[in-house]
Amino acid sequence: MYKNRRNSLINHLPKNSALIIPGADLQYRNADSSYNLRQESSFYYFSGFCEPSSLMVLVNNGSSIDSIIFVPEKDKLKEIWDGYRAGPEGAVKDFLFDRAFENHKSDSLVPEILQGLDKVFYSIGKKSGFDQKVIDWTCAANSKDRHSRSIDIIDGSSLVGNLRLIKDDHEIETMKKACDISAQSFIEVMKSIKPGDNEQEIEALFLYEFAKRGGRFPAYTPIVAGGEGACVLHYIENDKNLNKTDLILVDAGCEYKMYASDITRTFPVGGKFSDEQLQIYNVVLKANLAAIEAVKTGNNIMQPQVISEKVITEGLIELGILSGDPEQLHKEGAFKDFYMHKVGHWLGLDVHDVGDYMEGDDFMKFKPGMVTTIEPGIYISSSMDVEDKWKGIGIRIEDDILVTESGNINLTEKVPSNPQEIESLMA
Ligand code: GLY
Ligand code: MN
Ligand code: MN
């Protein structure tokens, strides 16, 4: 599968060009205590190889893709401490690379590989220090042959991103599983939540429910926000006690076999929505459902965006929070005080996945195999100039939507978003 993905670059990478992809390095939480390695997503997409400080160079030689990898050297002592290493031999035998070398040889060998090529593609500005490395390798390759034309360095982000944007069957199956694990975990935790619980206990329950089902790591730091904390969009303090009369917003998704899921549900800590909470909730739910409807082949990404903005504008007018003409208020962007983020983002190996949002001068059209989140919200912090009864309510409802030939599949619909269903689940 990974070799096929490399070979498919013959249709995307210009002849006589290379695509360079650096792998992830180990990251440390403090001193010498490292996190588990999480391979860089594009590196993983084209290799399935998960050792740190590796590097891939894929060359379109005119008739095929030459795939070259640089990997950590075999080292008995390091393998005793940290585990098995494939080494160059294993990278060729088990990962089907055409050539493999120890990673400390990259500075001398990459210029040789690049020599005489027309173009080098890589994702500019994504890895600290790597831009300079590519420049150095390219200059060294140019100086090896002063009579050939110099090599152009080109940003390869769109090339790789737009391949990853359309998920293949294997990716779709993996993402369905990731979404199922997260959905099931939401259902379990929603059933068990009670007033007085601390947000960090809820976070821990999610991590446990994910891991129990095979999703050991969250795809991002979970947001577990009781009450007004929900109005801080990236709230990750997760350390307050939950009040019976508050809502809790949880934005959490597991990573399963490297693929992300991303779900938000907002529900009452005490199991029953208040009138005001329910009124705002229903506006967000209407926006969520209407925006999901608009995710289909042929539509473009702005359609769910605009629909969500209009539903929220109209809902806020009906509740007396905004006043004026809906069209005019929408045009003025009055909703942005309450709904200040976009309706969604691509989802895949990364939670905010790669892939362009524009094609040429137009917005990207949905195509079968794309996966986007749909996550409208309304956030009313207590510092806002509204009636007191609305203050402290923050609500988002987020689902993961697969585009199909005939419409879409909501991969996260198993977690109830209907308020009556939520109340009966929590009863
Ligand atoms: N969980 C990150 C997001 O919803 O974009
Ligand atoms: Mn999201
Ligand atoms: Mn989210």
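Side chains included, hydrogens not; waters and symmetry mates left out as well; all remaining heavy atoms used. Numbers here are sequence positions counted from 1. Whatever order the structure lists ligands and atoms in, that order sets their numbers, starting from 1.
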For R396 and ligand 1, does the shortest N/O to N/O distance drop below 3.5 Å?
no
Looking at D275 and K389, is there a salt bridge between them, counting it only when a charged N and a carboxylate O are closer than 4.0 Å?
no
For H352 and ligand 1, answer yes if some heavy atom of the residue is under 4.0 Å from a ligand atom, otherwise no.
yes
Has D262 got any heavy atom lying under 4.0 angstrom from an atom of ligand 1?
yes
Under 6.0 Å from the six-membered ring centre of Y256 and within 45° of its axis: does the NZ or CZ of R213 meet both?
no
For E327 and K310, the nearest pair of non-hydrogen atoms, with its separation, is OE2-NZ, 3.8 Å
Carboxylate-amine/guanidinium contact D136 K133, below 4.0 Å
no
Charged N to carboxylate O below 4.0 Å: is that the case for E255 and R38?
yes
Please identify which atoms of ligand 1 are closer than 4.0 Å to at least one heavy atom of D251.
1 (N), 2 (C), 3 (C), 4 (O)
List-wise, which protein N, O or S atoms are found short of 2.8 Å from the Mn ion (ligand 2)?
D262 OD2, H345 NE2, E375 OE2, E398 OE2
Which of parallel (below 30°), tilted (30 to 60°) and perpendicular (above 60°) describes W346 and Y357?
parallel
Any atoms of ligand 1 less than 4.0 Å from a non-hydrogen atom of E398? List them with their elements.
4 (O)
Salt bridge check, D118 against K15: does any charged N sit closer than 4.0 Å to a carboxylate O?
no
If you take the centroid of each ring, where Trp contributes its six-membered ring, are F210 and F217 closer together than 6.0 Å?
no
